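Just so we're on the same page: letters track the sequence lines, and every chain starts at 1. Everything numeric here is computed off the predicted structure, so don't read it as measured data.
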There are 4 protein chains.
Amino acid sequence: MKTMNIKEELARTSVELFARQGYAKTSVQQIVDAAGVTKGALYHYFNSKDDLLFDIYDRILTLQHEHLTEIISRGLPAAETMRLVCEDLVSTSIDWIREGTVFFRSQHMLSEDRLEEVQRRRREFNKAFTGILVRGQEDGVFRTDIPIPVLAANFFSDPHYLSYWYSPGGAISREAVAAQLTDLYLAGLQAK
Amino acid sequence: MKTMNIKEELARTSVELFARQGYAKTSVQQIVDAAGVTKGALYHYFNSKDDLLFDIYDRILTLQHEHLTEIISRGLPAAETMRLVCEDLVSTSIDWIREGTVFFRSQHMLSEDRLEEVQRRRREFNKAFTGILVRGQEDGVFRTDIPIPVLAANFFSDPHYLSYWYSPGGAISREAVAAQLTDLYLAGLQAK
Amino acid sequence: MKTMNIKEELARTSVELFARQGYAKTSVQQIVDAAGVTKGALYHYFNSKDDLLFDIYDRILTLQHEHLTEIISRGLPAAETMRLVCEDLVSTSIDWIREGTVFFRSQHMLSEDRLEEVQRRRREFNKAFTGILVRGQEDGVFRTDIPIPVLAANFFSDPHYLSYWYSPGGAISREAVAAQLTDLYLAGLQAK
Amino acid sequence: MKTMNIKEELARTSVELFARQGYAKTSVQQIVDAAGVTKGALYHYFNSKDDLLFDIYDRILTLQHEHLTEIISRGLPAAETMRLVCEDLVSTSIDWIREGTVFFRSQHMLSEDRLEEVQRRRREFNKAFTGILVRGQEDGVFRTDIPIPVLAANFFSDPHYLSYWYSPGGAISREAVAAQLTDLYLAGLQAK
DNA sequence: TATGAATGAGCCTTCATTCAT
DNA sequence: CATGAATGAAGGCTCATTCAT
C-alpha cells in the first residue's frame, strides 16, 4: 500500500508544492522528500521537472474538453447548455483548485513546445465555448451589443480567479458558488 | 537627471521582461543588458532582484488605492460609484497591463514580508470595494441573494483576466472594454 | 546456446557503441537497448561496465600475442619475420578496427588495476617485437643509427592510426594497405 | 602575480588534467580546485566544459596551420619542404605533447558542431600536406606505387603516436626524434 | 536466470550578490 | 557613482549499480 503508486504520489505532491510555493521555488529535492522517494525514482517516471508541470496542464485540459464536449453533445438550447457548462466549469475548477492555481500562474514556466500545445488546446476549448455564445445570439437569447471575446472573457475569468479567493470547506459550498457565478454571468448575458 | 533615468529605465525594462518571460526566468544579467547598464548600477539603485519585483506591486497598489479613494470620496450613489470604480479599474489595468501580468502571476516569488504587505494592502482595497457593495445592498439597488465575496470576486476576476486575452491596440478599444465589462457586471449585480 | 548468444551480442553491441560514441558517452541503458536485453541480463554476464571495456582489451591483447608468438616461432630470418609480423598487425587491426578504435582512445577509462594489466601485456608484446629489431640489427639487415624505441614506435603508430583514416570496404583493400605500410616501414628500417 | 591570469591558469590546468585522466574523468570541480579558483570564475571565462576542450583543439590546429603554411610558402623543392614540415610537426607535437594527448583521444567528447569544425580544419591541413606529396611525385622524387592516403597516414601516425611512448626529458632529445622519424619517413617515401 | 524499479552519489551549470578598484 | 570579476550555494539531471521478485 505504501509504495503502491509512486508515480501518482509524485504527481499529487508536486501539484501541492507548485500550488503553494510556485513552480520555480519548488525544487525537485523538495518534491521527492515530500513524496518519500529519491530523485532517481522521480526521473524513472518523469523525464524532467517540466513533465511534472505539463502533466497538470494535460490533466486539466483533457478533463475540460471531455466535460464541454459531453454537455454540448446533449443538444440542449443555448441558454440551458451555457448554464450547464458554466456550472460544471466552476465546480470542476473547485475540485481541481490546486491544479488550477498552477495552471494559471505557471504557463511561462512550460517549455516552448509544451506551451504551444497548451495554447492550442485552450484555443480549441475557447472555440467550442464561443460556439454556444454564437448560437445563443442567433437564437435571440444572448445579447449582441458586446463582442464575443468580451462575453467569453467575462466568464472565463471566474474559474480562473477562484484560486485567489475561494477556500474549499469554507462557508460557501462548491455547488452554491457554481450556481451563483453562473447566475451572475447569465444575468449579464441575457438579451433584453 | 541622468541617474533618475537609469532607475526608471531599469524599472521599465524589468517589468517588460518579467511580463514576457516570468520573474524566475529573467536573470539580473538580462535586465542590465536590456537596460544598457551594468550590474553595479542596478545594485546601486535596487537592493535586490526582489526589490525590482516589489516596486511593481507597490506602484499598482498605490495607484489603485488612490483612484478608489478618490472616486468613493465623491459621495455619489452606490450604483454610480460602482460604475466609475469598475470602469476605472478596467481602464487602469489596460494602461498597466504589463504590470498586471506580473502582479497576478508572480506573487509567490515575493519575499515573505513583502508578500504580507501586498496581501494586507489588497485586503484594504477589497474592503473599500466591498463597502460599496454593502451600501448598494442597503440602498436596495444591488441584489442580496448572493454572498458579498462572490459578488466581489465576480468583478475582480475581470481586470485580473485581461492580460490573458486583451491586446492593447487591437479591435476593441480600452474605453469600450471598460464600459462593456462594467455593464455586464452591473447587469448581474442589479437587484430585481 | 541462448545465453552464449546474449553475452556475445552484448560484447558486439558495446564495442560498436564505444567505437562510435566513446565509452563515456555510452550508457549501459543504450547498450542493453541496442542488444535487445535488459539491464539485469547485462549484469548477469558482466560485473560492471568496466568489464565490458576490459574484455575488448583482453581480446585484442590475446590475439596479438598469439599471432606474434606464432610468427616468431617459425624461426625465419629477422627481415622475413618482421614483414610477416607487420602485415599481420595491419591486417588484424583492420579486421578488428572497431576494437582498435576503443583500444587506443579509452585506456584512461579502465580501472586502475585493469590499466596496469593492459600496460604489462603491451610491454610484453613490445619486448617481443623489439627482439626482432635487435636480431635484425645483429644480423646487419636493420639500421643501427636510430634508437630501438624510435624504430618500434615508427611502426606501432601505423596500426594505431588506422581507425583515424582507413575505411574498410573503401578503395584500398585490407591486404594492399598491409603490404604498403609494411613496405614503407621496411624501406626505412633497412641497413644501408 | 598570483591571480594575474586566471583564464590561462585554467587552460593550463585543464589540459594537464585532461591529458592525465581523460576528459570524462576530470570534473569541473577538480579543475577549479587545482587552479585555485571557484566554479564561478571558470564559468566567467568559459561557457562550458566543452569550451575548455575545444580551446585545446583550436590552439593546436591554429599552430599547425600557421607552421605548415609558412614552410610551404618558402617555395622550396618538395623533398626539402617535406623534411621541414615533418621535423616541425614532430617537434611541435613534443612541445605540445599534453595537448596532443587530449587532441587524439578526446575528439568524441566534443559537441557535434565543434567536432565538425575540427574535422574541417584537419581536412584542410591534410590537403595542404597531401599537396606536397603530389608535387614530389610529379617531380619524380616521391614514389608513386602507393596511394596518397597511405603515404599521408604513414607520417601522420608518428606525431599522433608520440604521447603513447615518448617522454620529454628522457634519453632521446626532441630534435633527435624529429630528425629520426623524418628520416625514416623520407627513406620510405623516396622514389627508387 | 532475468526483470526493471529504485538508489544515491556525483555531475555540469546558473545566478543573485559582493567587493576591490 | 559605477564596474565586472569572482563567489558559492543551489539547482536539475544522469547513470552505474543493486535487489526484491
Novice: Between E9(A) and R12(A) (salt bridge meaning N to carboxylate O under 4.0 Å), is one present in this structure?
Specialist: yes
Novice: Taking the inter-plane angle between the rings of Y164(A) and F104(B) on a 0 to 90° scale, is it parallel (under 30°), tilted (30 to 60°) or perpendicular (over 60°)?
Specialist: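 The arrangement is perpendicular - the two ring planes meet at more than 60°.
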Novice: Which sits closer to the 5' end of DNA chain E, G40(A) or V28(D), going by the nucleotide each is nearest to?
Specialist: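 Result of the comparison: G40(A).
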Novice: Using whole Å, what does the distance between atom C1' of nucleotide dG12(F) and atom CZ of F46(A) come to?
Specialist: 16 Å
Novice: Under 4.0 Å: is that the gap between some side-chain N or O of Y45(B) and OP1 or OP2 of dA2(F)?
Specialist: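 Checking Y45(B) against dA2(F): at least one side-chain N or O falls below 4.0 Å of OP1 or OP2.
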Novice: Distance check needed: dA6(F) P versus Q29(B) CD, whole Å only.
Specialist: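 Roughly 15 Å, once rounded to whole Å.
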Novice: Among R114(B), Q119(B), R121(B), which one satisfies side-chain hydrogen bond (donor to acceptor under 3.5 Å, both in side chains) with E117(B)?
Specialist: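 Passing option: R121(B).
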Novice: Whole-Å distance between dT3(F) P and D33(B) CG?
Specialist: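 It works out to 12 Å between those atoms.
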Novice: Side-chain N or O of Y43(A) versus OP1/OP2 of dT14(F): is the shortest distance under 4.0 Å?
Specialist: no
Novice: What's the spacing between S14(A) OG and L53(A) CG if we round to 0.5 Å?
Specialist: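 With rounding to 0.5 Å, OG (S14(A)) is 9.0 Å from CG (L53(A)).
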Novice: For DNA chain F, whose closest nucleotide is more 5', that of V37(B) or that of K25(A)?
Specialist: V37(B)
Novice: Expressed as a whole number of angstroms, how long is the span from M109(B):CE to dC15(E):P?
Specialist: 12 Å
Novice: Just the rounded figure in Å: distance from C1' of dC11(E) to CD1 of I31(D).
Specialist: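 Spelled out: CD1 on I31(D) to C1' on dC11(E) is 12 Å.
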Novice: When you measure from the side chain of S48(A), which nucleotide among dA16(E), dC13(F), dT13(E) comes out closest?
Specialist: dC13(F)
Novice: Check this one for me: any side-chain N or O of H44(A) less than 4.0 Å away from OP1 or OP2 of dA5(E)?
Specialist: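 Affirmative; the distance criterion is met.
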Novice: Can E16(B) and R20(B) be counted as an ion pair, charged N to O under 4.0 angstrom?
Specialist: yes
Novice: Distance check needed: dC15(F) P versus Q21(C) CD, whole Å only.
Specialist: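 Those two atoms, CD and P, are 11 Å apart.
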Novice: Can S111(C) and D113(C) be counted as having a side-chain donor-acceptor contact under 3.5 angstrom?
Specialist: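 S111(C) vs D113(C): donor-acceptor pair found between side chains.
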Novice: Report yes or no: is there a donor-acceptor pair, N or O only, under 3.5 Å between the side chain of K39(D) and the base of dT13(E)?
Specialist: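 Flag set: donor-acceptor pair detected.
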Novice: For DNA chain E, write out the stems as range with range, using runs of 3 or more consecutive Watson-Crick or G-U pairs with both distances under 3.5 Å.
Specialist: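 Stems found: E:2-21 with F:2-21.
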Novice: Starting from P on dC12(E), measure out to CG on L52(D) and report it in whole angstrom.
Specialist: 11 Å
Novice: Between atom NZ in K7(A) and atom P in dG4(E), what is the gap in whole Å?
Specialist: 16 Å
Novice: Starting at the 5' end of DNA chain F and moving along, which residue's nearest nucleotide shows up first, S27(A) or A41(B)?
Specialist: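 Nearest-nucleotide comparison on DNA chain F picks A41(B).
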Novice: Using the ring of Y23(A) (Phe, Tyr or Trp, six-membered ring only), decide whether K49(A) places NZ or CZ under 6.0 Å from its centre and within 45 degrees of its axis.
Specialist: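 Pair K49(A)/Y23(A) counts as cation-pi.
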